[in-house]
*Asks:* 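Structure incoming, see below.
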Amino acid sequence: MATGGDGPQLWAISDLHIGYAENRDLVEGMRPESEGDWLLVAGDVAETVEDIHWALKTLAGRFARVIWTPGNHELWTHPSDAVTLRGVARYAHLVEQCRELGVLTPEDPYPIWEGPGGPVAVAPLFLLYDYSFLPSGCTTKEEGLEYAYGTGVVCTDERLLHPDPYPTREDWCRARVAETRRRLAELPEDLPLIPVTHWPLHRHPTQVLRHPEFAMWCGTTLTDDWHRTYPVRTMVYGHLHIPRTTWQDGIRFEEVSVGYPREWRQRQTPPGRLRRILPGTDIPHG
């Protein structure tokens with residue numbers, strides 16, 4: 001359940017992973033506080049199209065607007081999924097599903113939040129990663145992967161996330177970054193921006209990873225100055241399963257993930273709480 005605040009609010013959540021029954025129950029309990037509330041869903045809803053559709057349909061039926069961007073799990077061609085599409089074709093299929101539900105995606109015009117704290121452009125971004133968040137001492141993707149395989153910490157993407165028709169995931173990432181940069185440049189320079197991505201725009205959130213080598217699957221250095229280049233109000237992301245607020249160059253970064261039951265059971269805060277993005281504060285916590 002969302003908590004606190006009066007009037008329309010902009011909420012965020014990610015990494016719902018509703019393949020777990022406990023997490024599906026959490027989605028069942030998610031409700032807005034007012035008719036004007038928006039919800040940002042920053043990826044990793046589920047692995048199968050059927051589950052993704054159920055979750056987004058459920059949320060879209062409750063919130064005034066739902067905005068989704070994919071995580072790596074949605075992009076997997078999973079053995080348990082009846083939909084066997086790969087790469088760009090799978091992403092395009094998910095976008096079409098969202099449009100049928102009235103859910104906005106990275107392929108739609110960026111909506112403007114006019115509620116408290118606005119106007120602000122809300123920009124769902126699909127950027128992927130390019131292995132440039134390398135482990136210490138590694139200078140190439142090949143060295144980084146060799147190190148990761150040596151530790152046994154390797155993202156399942158290496159088996160299930162296909163970049164077709166791009167030759168590699170990093171090629172797909174670079175194409176997405178270039179297209180996204182073009183679209184962001186078209187926004188008014190004085191219009192504040194809330195980017196919503198699955199992978200953080202900057203590497204600093206990965207510094208607390210228990211397994212630092214996993215950072216290779218967490219973003220790209222191509223975006224490490226975007227929070228300064230663009231008028232970013234708050235950067236919303238997930239993927240790390242480490243929900244928290246950080247600040248980089250005075251910009252608020254919000255990791256809004258739910259994570260797996262084995263993770264959220266260890267936290268003191270109730271699981272599945274929506275994170276309020278607006279109205280919010282732009283003052284770093286001292």
*Asks:* Please lay out, stage by stage, how Asn72 and Trp199 fare under the test side-chain hydrogen bond (donor to acceptor under 3.5 Å, both in side chains).
*Replies:* CA-CA 9 Å; Asn72 52 314; Trp199 301 270; 4.6 Å; no
*Asks:* On a heavy-atom basis, which atom in Pro119 and which in Glu114 lie closest, and how many Å separate them?
*Replies:* CB-OE1, 3.5 Å
*Asks:* Apply salt bridge (Lys or Arg N to Asp or Glu O under 4.0 Å) to the pair Asp164 and Arg90, showing each step before the final yes or no.
*Replies:* CA-CA 9 Å; Asp164 312 23; Arg90 180 175 179 84; over 6 Å; no
*Asks:* Just checking, is any N or O donor in the side chain of Asp44 or His198 under 3.5 Å from an acceptor N or O on the other one?
*Replies:* yes
*Asks:* For the CG atom of Leu125 and the CG atom of Leu128, what is their distance to the nearest 0.5 Å?
*Replies:* 12.0 Å
*Asks:* Mind checking the CG-CD1 spacing from Leu59 to Ile13? Nearest 0.5 Å is all I need.
*Replies:* 9.5 Å
*Asks:* Looking at the rings of Trp38 and Trp113, which for Trp means the six-membered one, are their centres under 6.0 Å apart?
*Replies:* yes
*Asks:* So, Thr223 side chain and Trp226 main chain: donor-acceptor pair closer than 3.5 Å or not?
*Replies:* no
*Asks:* How about Asp51 and Val45: do any of their side-chain heavy atoms sit closer than 4.5 Å?
*Replies:* no
*Asks:* Hey, is the main chain of Glu213 close enough, under 3.5 Å, to the side chain of His211 for a donor-acceptor pair?
*Replies:* no
*Asks:* Can you list the steps and then say if His239 with Phe214 is a ring pair (Phe, Tyr, Trp, His ring centres under 6.0 Å)?
*Replies:* CA-CA 11 Å; His239 190 53; Phe214 189 75; 5.7 Å; yes
*Asks:* Show, in sequence, the C-alpha distance, side-chain angles and deciding distance for Ser80 and Thr48, and conclude whether the side chain to side chain contact (heavy atoms under 4.5 Å, CB included) test is met.
*Replies:* CA-CA 7 Å; Ser80 65; Thr48 69; 3.8 Å; yes
*Asks:* Does the side chain of Val256 come within less than 4.5 Å of Val236's, by heavy atoms?
*Replies:* yes
*Asks:* Of all the heavy-atom pairs spanning Ala121 and Leu191, show the shortest one and how long it is.
*Replies:* CB-CD2, 3.6 Å
*Asks:* Name the one of Glu255, His204, Arg252 that satisfies side-chain hydrogen bond (donor to acceptor under 3.5 Å, both in side chains) with Thr246?
*Replies:* His204
*Asks:* Can you check whether Gly117's main-chain N or O pairs, donor with acceptor, with Arg233's side chain at less than 3.5 Å?
*Replies:* yes
*Asks:* Any non-hydrogen side-chain atom of Val208 less than 4.5 Å from a side-chain atom of Ile242?
*Replies:* yes
*Asks:* So, Tyr131 versus Tyr129, ring centres under 6.0 angstrom or not?
*Replies:* yes
*Asks:* Would you check if the side chain of Arg262 reaches a backbone N or O of Arg265 as a donor-acceptor pair within less than 3.5 Å?
*Replies:* no
*Asks:* Any side-chain heavy atom of Pro163 sitting closer than 4.5 Å to one from Asp171?
*Replies:* no
*Asks:* Tell me, do Arg62 and Thr58 make a side-chain contact under 4.5 Å, heavy atoms counted?
*Replies:* yes
*Asks:* Taking atom types as modelled and ignoring hydrogens, do the side chains of Asp130 and Trp172 form a donor-acceptor contact shorter than 3.5 angstrom?
*Replies:* no
*Asks:* Are more than 12 heavy atoms, taken from residues, nucleotides or ligands other than Arg210, located less than 6.0 Å from that residue's CZ atom?
*Replies:* no
*Asks:* Report yes or no: is the cationic atom of Arg24 (NZ for Lys, CZ for Arg) under 6.0 Å from the centre of the six-membered ring of Trp54, at an angle within 45° of the ring normal?
*Replies:* yes
*Asks:* Side chain to side chain contact (heavy atoms under 4.5 Å, CB included) between Leu193 and Val120: does it pass, once the steps are laid out?
*Replies:* CA-CA 6 Å; Leu193 178 69; Val120 176; 5.6 Å; no
*Asks:* Looking only at the side chains, is there a donor atom on one of Glu74 and Trp68 sitting less than 3.5 Å from an acceptor on the other?
*Replies:* yes
*Asks:* Using the side chain to side chain contact (heavy atoms under 4.5 Å, CB included) rule, take Phe253 and Trp247 through it: C-alpha gap first, then chi angles, then the decisive distance, then the call.
*Replies:* CA-CA 6 Å; Phe253 280 63; Trp247 298 85; over 6 Å; no
*Asks:* Less than 4.5 Å apart, any side-chain heavy atom of Glu107 and any of Arg99?
*Replies:* yes
*Asks:* Identify the residue among Asn23, Asp15, Thr269 that makes a side-chain hydrogen bond (donor to acceptor under 3.5 Å, both in side chains) with Trp264.
*Replies:* Asn23
*Asks:* Can you confirm if the aromatic rings of Tyr260 and His241 lie within a centre distance of less than 6.0 Å?
*Replies:* yes
*Asks:* Can you measure from SG (Cys155) to CE (Met216) and round to the nearest 0.5 angstrom?
*Replies:* 9.5 Å
*Asks:* Heavy atoms only: give me the nearest Cys218-Pro200 pair and the separation to one decimal.
*Replies:* O-CD, 3.2 Å
*Asks:* Could you measure the distance from the CD1 atom of Ile67 to the CG atom of Leu56? Nearest 0.5 Å is fine.
*Replies:* 12.0 Å
*Asks:* So which heavy atom on Ala215 is nearest to which on Leu209, and how close?
*Replies:* N-CD1, 3.8 Å
*Asks:* Parallel, tilted or perpendicular: which fits the ring planes of His17 and His73, with parallel below 30° and perpendicular above 60°?
*Replies:* perpendicular
*Asks:* Shortest non-hydrogen contact from Leu184 to Ala123?
*Replies:* CD2-CB, 4.3 Å
*Asks:* Less than 4.5 Å apart, side chain to side chain, heavy atoms only: is that true for Pro195 and Leu201?
*Replies:* yes
*Asks:* Side chains of Glu33 and Trp11: is there a donor and an acceptor less than 3.5 Å apart?
*Replies:* no
*Asks:* Do the side-chain N and O atoms of Tyr230 and Glu189 include a donor-acceptor pair separated by under 3.5 angstrom?
*Replies:* no
*Asks:* Do side-chain atoms of Thr221 reach the backbone of Asp224 as a donor and acceptor pair under 3.5 angstrom?
*Replies:* no
*Asks:* Could you tell me whether the side chain of Arg176 and the main chain of Phe126 form a donor-acceptor pair under 3.5 Å?
*Replies:* yes
*Asks:* Is the NZ atom of Lys57 crowded by more than 12 outside heavy atoms at less than 6.0 Å?
*Replies:* no
*Asks:* Could you check whether any side-chain N or O of Arg169 sits under 3.5 Å from a backbone N or O of Asp157, counting only pairs where one atom can act as donor and the other as acceptor?
*Replies:* yes
*Asks:* Is it the case that atom CD in Glu50 sees more than 12 heavy atoms from other parts of the structure closer than 6.0 Å?
*Replies:* no
*Asks:* How close do Gly7 and Asp37 get, heavy atom to heavy atom, and via which atoms?
*Replies:* O-OD1, 3.8 Å
*Asks:* Indicate yes or no: does Arg183 engage Glu179 in a salt bridge with an N to O separation below 4.0 Å.
*Replies:* no
*Asks:* Quick one: pull up CG in Asp81 and OG1 in Thr77 and give me the separation to the nearest 0.5 Å.
*Replies:* 8.0 Å
*Asks:* Whether the side chain of Thr220 engages the backbone of Leu222 through a donor-acceptor N/O pair (distance < 3.5 Å, no angle test) should be reported.
*Replies:* yes
*Asks:* Please report the interatomic distance CG(Leu40) to CG(Leu104), rounded to the nearest 0.5 Å.
*Replies:* 10.5 Å
*Asks:* Can you confirm whether Ile52 sits close enough to Pro70 that some side-chain heavy atom of one is under 4.5 Å from a side-chain heavy atom of the other?
*Replies:* no
*Asks:* Evaluate Glu254 against Thr234 for side-chain hydrogen bond (donor to acceptor under 3.5 Å, both in side chains), listing each step before the verdict.
*Replies:* CA-CA 7 Å; Glu254 289 284 358; Thr234 300; over 6 Å; no
*Asks:* Any donor and acceptor pair, going by atom type alone, linking the side chain of Arg31 with main-chain N or O of Glu28 inside 3.5 Å?
*Replies:* yes
